[in-house]
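By convention in this document, chain letters (A, B, ...) are assigned in the order of the sequence lines, proteins followed by strands, and residues within each chain are numbered from 1. Computed from a predicted structure; not experimentally measured.
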Amino acid sequence: MDTIEVSNLNRQFLFRQSHVGQSKAKVARDAVLRFRSNISITPYHVNVKDSRFNVEFFKEFDVVLNGLDNLDARRHVNRLCLAADVPLVESGTTGFLGQVTVHLKGKTECYECQPKPAPKTYPVCTITSTPSKFVHCVVWAKDLLFAKLFGDKNQENDLNVRSSDAANSLEHSEDVFECRKDEDIEQYGRRIYDHVFGHNIKMALSNEETWKNLNKPRPIYSKDVLPEKLTKENGDMEKGCTTDDISAMASLGLKNPQDLWSLAENSRVFLEALRLFFLKRVKEIGNLTFDKDDQLAVEFVTAAANIRASSFGIPSHSLFEAKGIAGNIVHAVATTNAVIAGLIVIEAIKVLIKDSNNYRMTYCLEHPSKKLLLMPVEPYEPNKSCYVCSETPLSLEVNIHSSKLRDFVEKIVKAKLGMNFPLIMQGASILYEVGEDLEEDMVAIYAANLEKALSELPSPVTSGTVLTVEDLQQEFSCSINIKHREEFDEEKEPDGMLLSGWVEAPVDKDNNKPIRNSESTSNALPAEEILDGEKDVEIQEIPEGTETVTGKKRKLSEVSEGTSTNHSGLSDENRSHNQLEKLDVDDEDDELIISDDWESLTKKKRL
Amino acid sequence: MDGEELTEQETALYDRQIRVWGADAQRRLSKSHILVYGMKGTVAEFCKNIVLAGVGSVTLVDDRVVAEEALSANFLILPDKNQYQGKTLAEVCCDSLKEFNHMVHVSVEKGDISTFGVEFFEKFDTVVISCCSLAKKKLINQKCRKLSKRVAFYTVDCRGSCGEIFVDLQDYKYSKEAISVPWRALPRRVSKLYFAMRVIELFEDVEDRNPGETSIADLPGILKLRKELCETNSLSESQVPDALLERLLIGTREFPPVCAIIGGILGQEVIKAISGKGDPLKNFFFFDAMDGKGLIEDISEPNTGSQAALINDDM
């Protein structure tokens with residue numbers, strides 16, 4: 001359902017400048033027909049999760065090729081392909097890295113058999129009180145300050161929660177962000193500035209404990225940075241403001257998005273952006289969400305992040321860099337995409353001619369490993385513990401008296417298990433379901449159930465209960481064993497629930513409340529990229545110690561761990577533990593053992 | 001607008017790739033001039049990549065008239081006879097390539113490239129040669145090396161489901177040196193594709209065939225040549241398997257996904273060399289769709305690491 005953007009044109013070569021704003025599916029179709037008119041191509045300018053793309057729909061195809069840019073959609077398609085028993089060729093690229101993988105139900109791993117790095121999240125206190133990296137400042141500026149000033153006022157917002165002292169400040173802070181009747185925009189702007197960069201920091205400093213082992217931040221006040229009044233009498237206020245490209249940079253004559261701004265410049269941008277929002281886009285205030293293509297929003301967030309960074313002694317970054325971080329921009333080039341596209345076609349052809357012995361997962365590396373730039377690996381067998389393709393039951397520890405069904409649905413079923421339209425049953429009783437053709441009284445019952453504690457449900461959930469959770473569209477079902485537990489650690493288990501048996505990337509210490517930041521398209525390999533010799537740009541952060549997809553070579557014996565596997569039950573197609581087979585029968589020299597190198601590969605280039 | 005900084009248009013268009021290689025590298029790209037000879041499918045892919053990347057200019061040389069078979073793997077040629085009738089490959093590809101990026105200057109140079117003087121090559125930073133006889137390759141490489149400035153030289157060839165790229169950033173030469181390194185001096189693990197390509201290349205040279213025109217009918221002659229070469233070099237014939245040679249001879253047409261892969265890798269290499277970012281591959285790259293490996297081979301004289309090579313003149 002995506003439309004074409006200018007930034008796509010450096011690599012999505014079926015599109016031209018004149019197509020910007022149009023449907024990708026439709027324009028791509030037209031472009032391909034121009035050089036191959038005899039193919040039947042049907043474009044759908046729709047979200048891939050749309051209900052029309054059900055299992056029946058998928059069954060019509062011989063192979064599915066994915067070109068998606070987010071984990072959620074990929075998981076969704078993975079389940080549909082499993083349910084429809086249709087081969088799936090997955091792929092992704094990030095900069096110079098990329099991979100192509102093939103998934104066949106029952107024969108190879110499904111897309112979810114191996115953990116994929118989850119989008120990076122940060123603990124609340126790091127964002128609100130003790131940032132140590134620039135990305136923390138960006139998240140603060142975007143998800144807290146920008147949201148507070150321009151977003152939905154009813155949304156919960158952690159701004160101020162821990163950086164001021166309790167009692168009267170909380171009350172006081174409710175008013176702080178509202179513009180007062182008798183103040184002009186500049187006064188308002190400065191007041192906000194002083195509150196978040198001055199007062200709040202000062203308050204935080206009063207708590208000595210926090211700063212025992214950390215560098216103390218310094219409060220910053222606008223009168224010290226910009227002593228002169230900014231707005232002049234006439235004329236200058238309107239400079240550079242056409243309705244089309246409202247921009248603080250343009251207004252202030254800052255031309256280059258790659259420049260580093262001084263504290264004074266950042267402060268000017270902050271105030272000017274704020275002013276322009278209130279002057280030119282006042283109708284949107286209260287409804288805005290951050291959009292990386294919204295120039296003014298990017299300017300504001302950059303400036304705010306930089307001022308905060310300055311306060312905490314963190315190096316500032318250019319707008320270009322900040323935009324990448326705030327917008328979760330994945331860097332991409334035409335060449336890697338071309339290589340991966342070629343590899344996708346080669347695998348697709350193998351699938352179509354059923355050349356199953358030769359299916360490969362292929363990794364495109366930036367630096368060769370044992371002379372290989374393109375590294376083919378045999379697919380693994382399905383992971384017997386995969387809850388998606390191997391129907392392994394999961395376990396959930398939860399306080400059944402304090403957790404509601406709603407918490408279970410949102411935090412576990414949707415967020416962790418990736419189901420969109422869940423059906424939850426206990427035995428034969430349906431506790432909750434979604435659907436278009438439900439009767440009104442059922443809808444009411446389910447709505448009521450959501451608000452009940454698990455132990456209070458019409459079919460009460462107790463320790464030992466097994467819940468069945470299904471997504472009818474994905475035709476995916478799994479069972480969850482419930483175990484009651486009284487206490488949960490607020491910082492480490494903020495959801496108040498612990499799901500196990502669920503294959504996920506190793507937990508990062510930082511991984512707490514979901515203030516998400518990034519998602520890579522190249523899932524198999526570390527996605528961070530450093531511009532050699534230039535300043536480190538934190539495009540992505542992968543949790544420390546993440547074993548990336550192929551980091552752990554699972555030999556056949558390991559895969560069968562815990563089950564008394566009958567190896568003879570495997571078909572000929574499933575090769576043995578030497579994952580890189582002798583592909584050229586003559587040549588013993590061709591055998592490549594990856595495991596050790598792979599570990600070192602994945603540990604390269606850490607920020 | 002040719003100031004020191006990237007224009008707003010460039011920043012917007014190239015945003016995603018600037019995040020990979022930086023603004024300085026992008027600037028260097030925008031000032032580079034590439035010469036391309038031999039417009040088959042792989043080279044079409046390569047050209048598409050560098051035009052999208054925003055090089056300064058691309059000059060195409062290929063006076064062959066467009067024939068229908070060219071459409072099988074060259075997506076720059078639209079299947080409209082009215083459009084391509086009577087035009088050369090370079091002309092049609094030039095028109096298409098311009099569409100990808102108006103900021104890149106794409107043009108055609110007509111004539112026999114072997115007659116172009118050294119001063120012609122001086123205009124370029126990078127020269128990419130394909131569909132070219134061994135003799136011509138050597139000639140052009142020599143001319144590039146005669147220049148006072150450093151010109152990066154690449155050859156690329158795809159046969160069936162296999163592809164080969166050679167890189168000369170003036171460490172090695174595509175002439176007596178790189179391709180005449182005595183086979184016995186090479187480690188046993190060197191890709192068989194290297195030897196196979198050399199045999200066919202030499203066969204075309206000796207038999208005075210147009211590049212890519214050998215077919216399975218020539219197999220006996222190829223096998224004979226292989227025998228001679230292997231004997232002279234004390235290399236076992238099993239290092240240049242029959243099956244591989246057959247595949248290369250049968251596959252006269254290019255295979256589009258292989259074109260994309262080779263064109264992609266080559267594009268990457270050229271961009272690396274121009275931008276100065278990233279280690280260029282040294283000095284051969286091979287891809288075989290059958291095993292799926294993309295392999296780098298360093299074919300050089302052992303011990304010296306640079307020039308002096310043994311020259312086998314009876315080749």
Handout entry: Part of Phe285(B) within contact of chain A (heavy atom distance under 4.5 Å)
Key = side chain

Handout entry: Toward chain B, the part of Arg16(A) with a non-hydrogen atom under 4.5 Å
Key = side chain

Exercise for the section: Over all heavy atoms of both residues, which pair between Pro376(A) and Asp291(B) is shortest? Give the atoms and the distance, please. Expected result: CG-O, 3.3 Å

Exercise for the section: Please confirm whether Phe100(B) and Phe15(A) have ring centers closer than 6.0 angstrom. Expected result: no

Fill in the blank from the handout: Closest heavy-atom pair, Lys293(B) versus Leu372(A), reported as atoms and distance to 0.1 Å, is CB-CD2, 3.8 Å

Problem - Pick from Val339(A), Ile344(A), Ile349(A), Thr362(A) with the largest number of heavy-atom pairs that fall under 4.5 Å of chain B - result: Val339(A)

Handout entry: Region of Gln268(B) in contact with chain A, defined by heavy-atom distances below 4.5 Å
Key = both

Handout entry: Region of Phe287(B) that comes under 4.5 Å of a non-hydrogen atom in chain A
Key = side chain

Practice task
Output the distance between atom CD (Gln258(A)) and atom CD (Glu5(B)), rounded to the nearest 0.5 Å.
Solution key: 9.0 Å

Practice task
Identify the two heavy atoms, one from Thr11(B) and one from Pro257(A), that lie closest to each other, and give their separation to 0.1 Å.
Solution key: CG2-CG, 4.0 Å

Handout entry: Which of Ser161(B), Pro256(B), Gly264(B) touches chain A most, by non-hydrogen pairs under 4.5 Å
Key = Gly264(B)

Handout entry: Lys/Arg cation over aromatic Phe320(A): Arg19(B), 6.0 Å, 45° cone
Key = yes

Exercise for the section: Identify the heavy atoms of Ala334(A) and Leu52(B) that sit nearest to each other, and give their distance. Expected result: CB-CD1, 3.8 Å

Exercise for the section: Working to the nearest 0.5 Å, report the span between CZ of Arg36(A) and CG of Leu78(B). Expected result: 10.0 Å

Practice task
Find the distance between CZ (Phe35(A)) and CG (Leu71(B)) and round it off to the nearest 0.5 Å.
Solution key: 11.0 Å

Practice task
Please step through side-chain contact (heavy atoms from CB on, under 4.5 Å) for the pair Ile346(A) and Ile261(B), ending with a clear verdict.
Solution key: CA-CA 10 Å; Ile346(A) 290 173; Ile261(B) 292 166; 3.7 Å; yes

Completion exercise
Turns out that what part of Ile271(B) lies under 4.5 Å from chain A's heavy atoms comes down to side chain

Problem - Shortest non-hydrogen contact between Arg16(B) and Arg11(A), atoms and distance - result: CG-NH1, 3.5 Å

Exercise for the section: Please tell me if the side chains of Leu13(B) and Ser7(A) come closer than 4.5 Å, counting only heavy atoms from C-beta onward. Expected result: no

Problem - Lys371(A) NZ to Leu281(B) CG distance, which is reported to the nearest 0.5 Å - result: 13.0 Å

Problem - CD on Glu45(B) to OG1 on Thr335(A), rounded to 0.5 Å - result: 11.0 Å

Completion exercise
Heaviest contributor of heavy-atom pairs below 4.5 Å to chain B, chosen from Gln17(A), Lys350(A), Lys323(A), is Lys323(A)

Practice task
May I ask you to name which of Ala260(B), Gly263(B), Gly267(B), Ala243(B) has the most heavy-atom pairs under 4.5 Å with chain A?
Solution key: Ala260(B)

Handout entry: Pick from Leu343(A), Asp355(A), Ile340(A) with the largest number of heavy-atom pairs that fall under 4.5 Å of chain B
Key = Leu343(A)

Exercise for the section: Answer with side chain, backbone, both or neither: which region of Asp279(B) has an atom nearer than 4.5 Å to a non-hydrogen atom of chain A? Expected result: side chain

Completion exercise
In short, Val333(A) meets Gln17(B) closest at the heavy-atom pair CG1-CB, 3.8 Å

Exercise for the section: Could you grab the distance from atom CD1 of Ile296(B) to atom CG of Leu374(A), nearest 0.5 Å is fine? Expected result: 9.0 Å

Problem - Under 4.5 Å from any heavy atom of chain B - which part of Thr336(A) - result: both

Practice task
Using non-hydrogen atoms and a 4.5 Å limit, figure out which bit of Glu8(B) sits close to chain A: side chain, backbone, both or neither.
Solution key: neither

